[in-house]
Protein chains: 2
Amino acid sequence: MKLSSRTEYAVRAMAELAEMHGGGPISLREIAARQDIPEKYLEQLFRQLRKAELISGLRGAQGGYSLAREPCEITVGDIMRAVDGPIAVCSCAAEGKGDADCERKSHCAAHPVWAKLQDGIVSILDSTTLYDMLAKTATQDMQGNRGGGS
Amino acid sequence: MKLSSRTEYAVRAMAELAEMHGGGPISLREIAARQDIPEKYLEQLFRQLRKAELISGLRGAQGGYSLAREPCEITVGDIMRAVDGPIAVCSCAAEGKGDADCERKSHCAAHPVWAKLQDGIVSILDSTTLYDMLAKTATQDMQGNRGGGS
DNA sequence: GCAATTCCTACTGAATCAGTATGAGTTCCA
DNA sequence: TGGAACTCATACTGATTCAGTAGGAATTGC
């Protein structure tokens with residue numbers, strides 16, 4: 001039940017791109033530095049994000065990456081699937097898997113729970129866009145909970 | 001974002017115990033056989049479940065395990081925490097961790113999303129009891145989709 | 001043409017996970 | 001009273017996954 005570092009990194013990097021959205025492309029190096037992510041590792045993730053058509057890369061000097069769609073059109077779920085594959089709490093409750101491998105299924109007491117969990121997770125991830133994330137962070141900053149109440 | 005086999009096994013085994021609840025203790029061997037779980041592995045899990053006071057063990061011949069509380073008093077979340085420790089989608093959104101390790105937190109765009117996800121997961125797991133699971137399985141059986149599609 | 005950048009494949013070390021092995025302690029029952 | 005049927009406890013192992021690194025080819029702006 002834990003996020004991979006791929007997902008954590010990718011989401012943070014994408015948020016960074018979203019914040020800069022509209023200007024020119026931003027280099028991998030810059031994003032890695034600002035978010036404190038190993039550069040070469042992030043490079044791998046970006047390749048996957050590009051293949052998933054969430055970002056587009058521009059080669060050569062002054063090149064870099066930028067979002068391939070508007071921030072409000074990219075969900076956390078999209079990012080996660082791009083770098084970690086389909087979301088699946090277990091093999092018998094995975095996306096796009098109607099009747100797969102679990103021969104137990106029809107009489108398994110656990111199955112409905114996993115299905116519900118899977119559903120809950122996916123619906124949160126798919127309903128949160130990069131736009132939402134930035135908006136929330138801004139709000140959070142405005143509310144300014146520093147030194148907050150113990 | 002995946003359940004461990006510990007959790008999957010433990011929940012299934014607990015459901016088995018719940019189904020038998022009220023009779024005498026059931027031996028590990030029997031549960032393992034019925035749920036097709038490696039016996040020695042399940043033994044480990046049961047020790048943890050016992051320490052968490054979800055089940056109680058009776059030693060000696062004719063011994064075995066039984067639920068330490070009513071099925072409606074044991075949640076999937078309880079079971080999961082017993083065998084896998086605290087539920088945490090990431091280190092900066094974990095249970096019982098007010099202000100821990102993530103120095104980024106206050107300005108991290110991802111944090112609110114993980115917090116929401118964590119919350120959603122925990123609330124599903126903590127609101128589903130063994131009793132609910134059995135009830136659902138029964139319903140499922142009554143709807144009886146056996147021999148189903150193609 | 002050269003510097004900055006993306007693109008691509010392969011490797012590696014460490015950590016986690018699933019499962020085993022072995023044996024001690026307890027209790028019932030013949 | 002002894003042994004069979006159990007739980008209880010610790011330590012080990014092999015495999016897989018994960019996080020991160022290395023090295024270099026291709027492309028583009030200046």
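Residue numbers start from 1 in every chain, and the chains themselves are labelled A, B, ... in the order their sequence lines are given, proteins ahead of strands. Bear in mind that the values here come from a model prediction, so they are computed numbers and not experimental data.
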Problem set entry | Working for side-chain contact (heavy atoms from CB on, under 4.5 Å), residues B:Arg34 and B:Met20 | CA-CA 12 Å; B:Arg34 286 160 71 131; B:Met20 304 302 194; 2.5 Å; yes

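Of the charged side-chain nitrogens involved, none lies within less than 4.0 Å of a carboxylate oxygen, so that B:Glu8 and B:Arg12 do not count as a salt-bridged pair. Here B:Asp84 does not pair with A:Lys2 in a salt bridge; the nearest charged N to carboxylate O distance is not below 4.0 Å.
Between the side chain of A:Gln118 and the backbone N or O of A:Val89, at least one donor-acceptor pair lies under 3.5 Å. No side-chain donor-acceptor contact under 3.5 Å links B:Arg69 to the backbone of B:Ile74. The backbone N or O of A:Ile124 sits less than 3.5 Å from a side-chain atom of A:Ser127, completing a donor-acceptor pair.
Using a 4.5 Å heavy-atom threshold, the side chains of B:Ile55 and B:Leu17 count as touching. Proximity of B:Tyr65 to B:Pro25: side-chain heavy atoms (C-beta onward) are nowhere separated by under 4.5 Å.
Annotation: of the two residues near DNA chain C, B:Tyr41 and A:Gly63, the 5′-most nearest-nucleotide partner is A:Gly63.
Note: CD (A:Glu43) to P (C:dA4) measures 16 Å, nearest angstrom. Distance, A:Leu3 CG to D:dC18 C1': 14 Å, rounded to whole Å. Protein atom CG of A:Leu45 is 15 Å distant from nucleotide atom C1' of C:dT6, rounded to whole Å. Regarding B:Gln48, its CD atom lies at a distance of 14 Å from the P atom of C:dG19, rounded to whole Å. Rounded to a whole Å, the CE atom of B:Met1 is 15 Å from the C1' atom of D:dC18. For B:Glu53 and D:dC8, the CD to P distance is 13 Å, given to the nearest whole Å. Protein atom NZ of B:Lys2 is 10 Å distant from nucleotide atom C1' of D:dT17, rounded to whole Å. The CZ-C1' distance, from A:Arg6 to D:dT21, rounds to 14 Å in whole Å.
Listed by first and then second residue, the salt bridge (Lys or Arg N to Asp or Glu O under 4.0 Å) pairs involving residues 110-125 of chain A amount to none (not counting sequence neighbours). Residue pairs satisfying the salt bridge (Lys or Arg N to Asp or Glu O under 4.0 Å) criterion with at least one member in residues 48-64 of chain B, sequence neighbours excluded, are absent.
Here the side chain of B:Tyr65 is nearest to one of C:dA18, D:dT7, C:dC7, namely D:dT7.
Proximity of A:Ser4 to the phosphate of D:dC18: no side-chain N or O atom is located under 4.0 Å from OP1 or OP2.
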Under 3.5 Å, N/O pairs linking protein and nucleotides 26-30 of chain D:
{"unit_1": "D:dT27", "atom_1": "O4'", "unit_2": "A:Arg59", "atom_2": "NH1", "d": "2.8"}
{"unit_1": "D:dT28", "atom_1": "O2", "unit_2": "A:Ala61", "atom_2": "N", "d": "3.3"}

So which protein N/O to nucleotides 12-16 of chain D N/O distances come out below 3.5 Å?
none

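Residues meeting the ring pair (Phe, Tyr, Trp, His ring centres under 6.0 Å) test with B:Tyr131, sequence neighbours left out: none.
If you check residues 24-40 of chain B against DNA chain D, the residues with a heavy atom closer than 4.0 Å are B:Ser27, B:Leu28, B:Lys40, listed by number.
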